[in-house]
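A quick write-up on the structure given underneath.
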Amino acid sequence: MLSGFDMVSTWRAGNPMAEARRIGAFICIEGVDGCGKTTQAKILVKNLRRRGFDAVYTTEPSVGKVGKLIRRFVLDRQRRVPAALEALLFAADRVDHVQEEVKPLLKWGKIVVCDRYVYSSLAYQGAAGLDLGWIDRINQFAMKPDLALFLDVAPGRVISRLKKKKSVMETMRNLKEVREVYLKLVQQQRLITLNGNQSVEEVSKSILKIVLGKLEA
Ligand code: TYD
């Protein structure tokens, strides 16, 4: 199967089927709760569409049945369920999301902008004490994205934004630990880091620059 960037080459080589800039690429945006990644993912989709790319927004937990179960059974409650149960449910949802949404969209040549992916499992369930190697193994069906960005915002800054809408994951200590795992993934070059401590406009410009650089390389 063609990867997203093989499809870019096909498009650049003048494939007549690809004139609507249907190039197929899988881009993930990551970060701690309240870092602004949902806003940024949606702005990125708009910016790409404005430039004629066929981009779509998608998210994990997904809108499918397992994703809905996670929102009800894992996220909307007072206490956390065991971390291994969280990891297994998120991995199951990911299989469903990739199979039912991401792969079909890529086949149509769309640019899929995904709000959270396997890196969230590594960061959140890893911060809860699970072995990162095991989390990777149970996510072996999760295809590698073409680009994965980490929007880095100081935990103190996000906690004040989150005051109203707190979930089981959002204590200061937890978010610091989650950020540490994200930084480890940056060091391993699995994620590209971006300074999120700036205005929405500035952050969106930086994201667009990196994404266009990748798409049009
Ligand atoms: P979030 O993007 O905050 O959803 P929303 O803003 O729509 O409520 O994600 C929900 C929570 O799920 C977030 O606290 C991180 C957590 N999460 C994990 O712990 N592991 C995962 O694999 C994923 C995808 C999310």
Side-chain angles (χ1 to χ4, degrees), residues 26-45 57-102 112-145 148-153 155 157-182 184-185 190-191 196 200 207:
F26 185 25
I27 297 163
C28 300
I29 303 197
E30 289 282 349
V32 301
D33 298 270
C35 72
K37 65 181 172 33
T38 302
T39 305
Q40 291 298 342
K42 290 182 175 170
I43 293 176
L44 175 63
V45 168
Y57 170 87
T58 181
T59 185
E60 288 191 5
S62 78
V63 294
K65 284 198 172 130
V66 190
K68 283 190 183 129
L69 174 75
I70 289 176
R71 288 193 189 280
R72 227 184 31 242
F73 177 63
V74 176
L75 299 174
D76 287 348
R77 51 191 279 151
Q78 293 305 312
R79 288 181 50 198
R80 283 183 78 164
V81 299
L85 180 52
E86 287 180 3
L88 291 164
L89 286 172
F90 281 115
D93 181 42
R94 195 155 293 124
V95 172
D96 189 39
H97 180 227
V98 167
Q99 210 51 40
E100 297 299 319
E101 288 187 67
V102 179
V112 180
V113 177
C114 186
D115 186 342
R116 295 198 183 281
Y117 194 51
V118 61
Y119 314 96
S120 285
S121 288
L122 290 161
Y124 282 81
Q125 281 66 57
L130 296 185
D131 176 57
L132 298 187
W134 179 73
I135 299 173
D136 267 328
R137 278 201 297 287
I138 62 168
N139 281 283
Q140 61 182 298
F141 299 107
M143 58 193 286
K144 192 172 175 280
L149 301 171
F150 168 54
L151 197 53
D152 191 18
V153 176
R157 205 171 159 132
V158 298
I159 277 290
S160 52
R161 285 188 201 160
L162 285 170
K163 268 190 185 130
K164 279 189 219 141
K165 183 195 136 216
K166 270 202 167 191
S167 89
V168 280
M169 307 288 184
E170 297 164 0
T171 65
M172 180 72 170
R173 190 167 145 251
N174 187 42
L175 291 189
K176 273 189 177 157
E177 287 166 358
V178 168
R179 178 171 178 266
E180 289 304 314
V181 186
Y182 274 129
K184 202 185 267 181
L185 299 173
R190 295 180 68 177
L191 287 171
V200 173
I207 293 179

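Positions are given from 1, in the same order as the sequence printed here. Computed from a predicted structure; not experimentally measured. Just so you know, ligand 1 is whichever comes first in the structure, and atom 1 is the first atom listed for that ligand.
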Next item on the list: Sequence neighbours left out, what passes side chain to side chain contact (heavy atoms under 4.5 Å, CB included) with Pro155? Give chain and number order.
Entry: Met172, Lys176, Arg179
Check: Under 3.5 Å, N or O to N or O, is Ser121 touching ligand 1 that way?
Finding: yes
Next item on the list: Would you mind running through ligand 1 and noting each atom that sits below 4.0 Å from a heavy atom of Gln125?
Entry: 18 (C), 19 (O), 20 (N), 21 (C), 22 (O)
Notebook entry, point to check: Looking only at N/O atoms, are Glu60 and ligand 1 under 3.5 Å apart anywhere?
Noted result: no
Notebook entry, point to check: Does an N or O anywhere in Asp115 fall below 3.5 Å from an N or O of ligand 1?
Noted result: no
Item checked: Numbered atoms of ligand 1 (with element) below 4.0 Å of Leu75, judged on heavy atoms -> 10 (C), 11 (C), 12 (O)
Check: If every non-hydrogen atom of Ala83 is compared with every non-hydrogen atom of Gln125, which pair is closest and at what distance?
Finding: O-CG, 3.7 Å
Note to self: Determine whether the aromatic ring centres of residues Phe26 and Tyr117 are separated by less than 6.0 angstrom.
What the structure shows: yes
Check: Do Glu177 side-chain atoms and Ala128 backbone N/O form a donor-acceptor pair below 3.5 Å?
Finding: no
Item checked: salt bridge (Lys or Arg N to Asp or Glu O under 4.0 Å) partner of Glu60, the single match among Lys37, Arg94, Arg71, Arg116 -> Arg94
Next item on the list: Examine Glu86 against ligand 1 and note whether any of their N/O atoms are separated by less than 3.5 Å.
Entry: no
Next item on the list: Please check if any side-chain donor atom of Tyr182 sits under 3.5 Å from a side-chain acceptor atom of Glu30, or the reverse.
Entry: yes
Check: Heavy atom of Thr38 under 4.0 Å from ligand 1?
Finding: no
